[in-house]
Engineer: 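Got a structure here, written out as structure tokens. Questions coming.
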Amino acid sequence: MPVRVRYAPSPTGSPHVGNLRTAIYNWLFVKKMGGQFIARLEDTDRTPGRYMPEGIWDIEESLRYLGTIPDEWWVSGGSSGPYIQSERLPLYKEYADKLIASGHAYRCYCSRERLEAMRQEQQAKGIPTGYDRCCRSDDGREEMRTKRREELGHEPPCVVRLAMPLEGQTVVHDLVKGDIVYDNRTQDDQVLLKTDGFPTYFLACAVDDHLMGVTHVIRGDDWLSSAAKFVAVINAFGWDPPALVHPPLIMGSDRKKLSKRHGSTQFTEFVEQGYLPEALLNFLVLLGWSAGDENRELFTLPELIERFSLEGISEHPAIFDYDKLKWMNGMYIRQSPPGRIIGLCIQQLQKAGLISNPPSEIELELARKLIPLEIERMKVLSEIVPMAEPFFHELRFPEGYDEKAVTKWLHVEYIHALLRNEIDIFTKIENWEPTSLETAIRTLAEDMQLKFAGVIHPTRVAVTGRTVGPGLFEALWALGRETTLQRLHSVLEAL
RNA sequence: GGGGAUAUCGUCUAGAGGUUAGGACGAGGGAUUUUCAGUCCUUAAGCCGGGGUUCGAUUCCCCGUAUCCCUACCA
């Protein structure tokens with residue numbers, strides 16, 4: 001039997017990195033085993049503020065960015081569509097009715113107010129919360145229905161609830177954690193169909209997974225606690241449950257759910273900051289999965305597919321380490337062909353307004369010279385913006401200059417002589433290239449009886465306004481003779 | 001309150017009934033050097049606690065503790 005797995009996001013906003021990680025696990029598993037990767041949109045919560053259709057685009061883009069594109073989804077369709085749950089409403093009603101007919105579910109007329117009051121009372125008394133199953137018996141249900149009809153003056157709305165078995169146990173077979181046994185008495189009569197006609201997760205998932213032929217369900221650990229209800233629904237239909245796996249959750253540094261407080265959490269934010277897809281994928285995979293005793297962390301996609309197995313999924317939550325992601329991204333940047341990084345950095349520079357769109361010939365030439373010089377000190381692509389600023393922006397002295405750098409290096413007593421000599425040399429030098437420039441400056445340092453560093457640092461500050469950056473001679477080369485001379489002149493005049 | 005899961009360096013993790021408990025990020029130190037970075041070398045840092053089982057447990061079992069998840073007409 002071919003493997004069929006699904007990624008089932010709900011459009012409640014831009015997808016969370018943890019969410020994408022389960023998509024990656026699903027994708028890797030299906031690539032490894034052979035089969036189909038399905039994505040299904042779980043848009044059954046129509047509560048204002050929670051249903052955010054704008055998020056759908058981000059979900060699609062994120063999957064494309066990672067390269068984990070589903071074989072069947074709402075974008076391309078497939079043999080078991082539709083892949084959007086709001087387009088499958090009649091199906092859920094049909095199956096809910098089947099459950100009612102077989103005695104595995106029942107209509108419930110209780111008002112939200114009654115439910116809420118009941119819950120509060122239970123909490124106040126310190127007893128377990130849950131539905132009192134008032135509508136589970138025919139008598140109780142009719143009584144409630146009549147009462148509600150009198151209150152409302154018309155036929156009252158109802159939900160459909162699962163008639164959870166009152167005794168016995170439900171066993172959840174988790175491929176990683178093993179069999180987990182739940183006492184049915186501790187499980188509530190879960191609502192399956194809401195008054196608005198939309199199903200809840202439990203019904204929709206059970207029906208869709210079955211109809212779509214899903215063989216393995218890989219979903220976040222937050223579903224484990226309610227897995228008994230999920231399995232109970234499937235059992236009520238008489239179907240075989242799919243194999244289940246619950247990868248652990250991703251937490252923030254304080255061991256709470258990863259949220260805004262900790263930093264970026266939405267996948268698209270990382271994309272914008274300039275994280276490469278292979279870095280993001282590699283990092284996310286390793287957050288809760290390991291290749292075993294192989295002491296490696298950096299894997300290509302084929303290597304990951306080859307090594308991936310459900311057994312390697314860990315059982316405890318993982319804290320999202322932003323530093324490690326950065327490190328990994330830096331590694332991938334340095335492994336990439338420079339042309340690719342140049343292209344991506346140009347996009348970053350355009351976004352920041354340092355380069356026009358489309359870029360001019362001059363901007364392009366400068367970018368092609370500068371970006372390769374910065375690649376080795378970049379961890380995230382957006383870092384190119386502050387790095388490139390002194391090269392693409394006009395630099396005015398002293399406003400654009402780093403104050404500490406100026407104090408330290410532009411107030412040495414030989415500064416005027418140095419700058420004058422450099423202007424002289426740079427004006428005359430034939431080859432404006434790093435090696436020639438270096439030779440000339442080394443000679444100058446000797447002539448002036450200065451240490452090399454004593455020349456390098458003031459020059460760097462005078463020309464770029466800061467103490468950090470690429471090697472000085474590469475920087476001068478990238479910047480060009482004209483701009484270099486112009487900056488030296490203006491600093492000399494102002495000092 | 002009820003239910004479930006989990007527990008190895010600060011973090012991600014490997015590991016086996018007997019190991020010097022391994023790797024990576026981060027941190028410290030050193031080398032390279034023209035600053036930052038990178039690269040290379042190097043140091044420190046860990047088996048939650050208590051009972052069992054066993055010749056021997058960090059590893060298996062139980063209890064405790066802690067943490068996380070569920071306990072919605074959210075997913």
Side-chain angles (χ1 to χ4, degrees), chain A residues 8-12 19 42-45 47 50-51 108 110-112 115-116 119 122-130 157-161 172 174 177 180-183 185-188 190-196 198-202 204-205 219-229 246 248-249 251 253 255-257 283 286-298 312 314-328 330 334 374-379 387 405 409 438 441 451-453 455-457 459-461 464 466-473 475:
Chain A
S10 39
T12 50
N19 208 273
E42 312 238 321
D43 59 343
T44 57
D45 185 1
T47 316
R50 278 212 290 265
Y51 174 56
C108 167
C110 293
S111 68
R112 289 171 194 261
L115 262 19
E116 179 56 29
R119 189 175 307 122
Q122 288 163 337
Q123 279 170 351
K125 284 183 182 167
I127 57 174
T129 53
C158 68
V159 300
V160 176
R161 283 183 186 271
V172 172
D174 184 290
K177 298 193 175 179
I180 299 157
V181 181
Y182 296 81
D183 224 315
R185 276 167 301 204
T186 64
Q187 302 296 313
D188 209 353
Q190 179 65 42
V191 169
L192 300 179
L193 206 59
K194 301 181 255 187
T195 45
D196 62 2
F198 281 78
T200 60
Y201 176 89
F202 298 91
C205 257
R219 46 110 75 172
D221 190 58
D222 44 346
W223 288 106
L224 186 60
S225 310
S226 59
K229 290 194 277 195
H246 296 92
L249 264 19
M251 320 298 274
S253 46
R255 298 188 176 280
K256 305 285 177 211
K257 246 182 180 171
F283 176 76
L286 253 36
L287 209 56
W289 175 84
S290 146
D293 53 15
E294 200 177 355
N295 279 336
R296 274 181 67 187
E297 307 244 63
L298 264 17
S314 69
E315 301 178 46
H316 52 270
I319 291 172
F320 194 97
D321 187 345
Y322 290 90
D323 281 341
K324 189 156 186 177
L325 205 214
K326 271 194 173 176
W327 163 79
M328 197 174 275
R334 269 166 261 124
E374 302 284 16
I375 281 178
E376 62 185 21
R377 75 205 78 220
M378 237 190 288
K379 287 202 165 79
M387 287 171 174
W409 293 112
E438 176 162 3
I441 292 297
K451 279 190 203 160
F452 192 45
V455 173
I456 289 281
H457 297 310
T459 310
R460 187 197 311 282
V461 175
T464 68
R466 49 189 75 181
T467 56
V468 300
L472 177 63
F473 305 107

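The shown structure was predicted, so the numbers you read here are calculated from the model rather than taken from an experiment. Just so it is clear: chains get the letters A, B, ... in the order the sequence lines come, proteins before strands, and each one is counted from 1.
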Engineer: Taking a pair as Watson-Crick or G-U wobble with both distances under 3.5 Å, which nucleotide is matched to B:rA31?
Structural biologist: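 In the structure as shown, B:rA31 has B:rU39 as its Watson-Crick or wobble partner.
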
Engineer: With a 3.5 Å cut-off and heavy atoms only, can you find an N or O donor on one side and an acceptor on the other between the side chain of A:K324 and the base of B:rA24?
Structural biologist: yes

Engineer: The side chain of A:R112 is closest to which nucleotide in this list: B:rG4, B:rU13, B:rC73?
Structural biologist: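 Between B:rG4, B:rU13, B:rC73, the one nearest the side chain of A:R112 would be B:rC73.
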
Engineer: Taking the nucleotide of RNA chain B with the nearest heavy atom to each, does A:I456 or A:D323 sit closer to the 5' end?
Structural biologist: A:D323

Engineer: Pick the P atom in B:rC9 and in B:rG49, then give their distance to the nearest Å.
Structural biologist: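 It works out to 11 Å between them.
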
Engineer: Does the gap between the ring centers of A:Y322 and A:F283 come in under 6.0 Å?
Structural biologist: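 Between A:F283 and A:Y322, which both carry aromatic rings, the centre distance is not below 6.0 Å.
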
Engineer: Any N or O donor-acceptor pair under 3.5 Å from the base of B:rC73 to the side chain of A:T195?
Structural biologist: yes

Engineer: Ignoring the backbone of A:E438, work out which of B:rG3, B:rC68, B:rU34 is nearest its side chain.
Structural biologist: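 Out of B:rG3, B:rC68, B:rU34, the nucleotide with an atom closest to A:E438's side chain is B:rU34.
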
Engineer: Considering every strand and a 4.0 Å limit on heavy-atom distances, what is the contact class for A:G292: base, sugar-phosphate, or nothing?
Structural biologist: sugar-phosphate

Engineer: From the list B:rC73, B:rA24, B:rU6, which nucleotide is the closest neighbour of the side chain of A:W327?
Structural biologist: B:rA24

Engineer: Establish whether the base of B:rU34 is bridged to the side chain of A:R460 by a donor-acceptor pair shorter than 3.5 Å.
Structural biologist: yes

Engineer: Between B:rC36 and A:R377, counting only base atoms on the nucleotide and side-chain atoms on the residue, is there a donor-acceptor pair under 3.5 Å?
Structural biologist: yes

Engineer: Side chain of A:R50 only, please: which of B:rA75, B:rC70, B:rA72 is the nearest?
Structural biologist: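 Out of B:rA75, B:rC70, B:rA72, the nucleotide with an atom closest to A:R50's side chain is B:rA72.
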
Engineer: A:D222 has a side chain; which of B:rC68, B:rU13, B:rC70 sits nearest to it?
Structural biologist: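 The answer is B:rC70.
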
Engineer: Rounded to the nearest 0.5 Å, how far does CD of A:E297 lie from NZ of A:K324?
Structural biologist: 3.5 Å

Engineer: Could you check whether any side-chain heavy atom of A:L298 comes within less than 4.5 Å of a side-chain heavy atom of A:M328, counting everything from C-beta outward?
Structural biologist: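 Result yes, sub-4.5 Å side-chain heavy-atom pair found.
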
Engineer: Report the base-pairing partner of B:rU65 (Watson-Crick or G-U wobble, both distances below 3.5 angstrom), or none.
Structural biologist: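 For B:rU65, the partner nucleotide comes out as B:rA7, under the 3.5 Å rule.
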
Engineer: For B:rG3 and B:rC61, measure between their C1' atoms and round to the nearest Å.
Structural biologist: 23 Å

Engineer: Rounded to the nearest angstrom, tell me the gap between atom CG in A:L224 and atom P in B:rA5.
Structural biologist: 7 Å

Engineer: If you measure from the C1' atom in B:rC47 to the same atom in B:rC74, how many Å do you get, rounded?
Structural biologist: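 B:rC47 and B:rC74 have their C1' atoms separated by 39 Å.
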
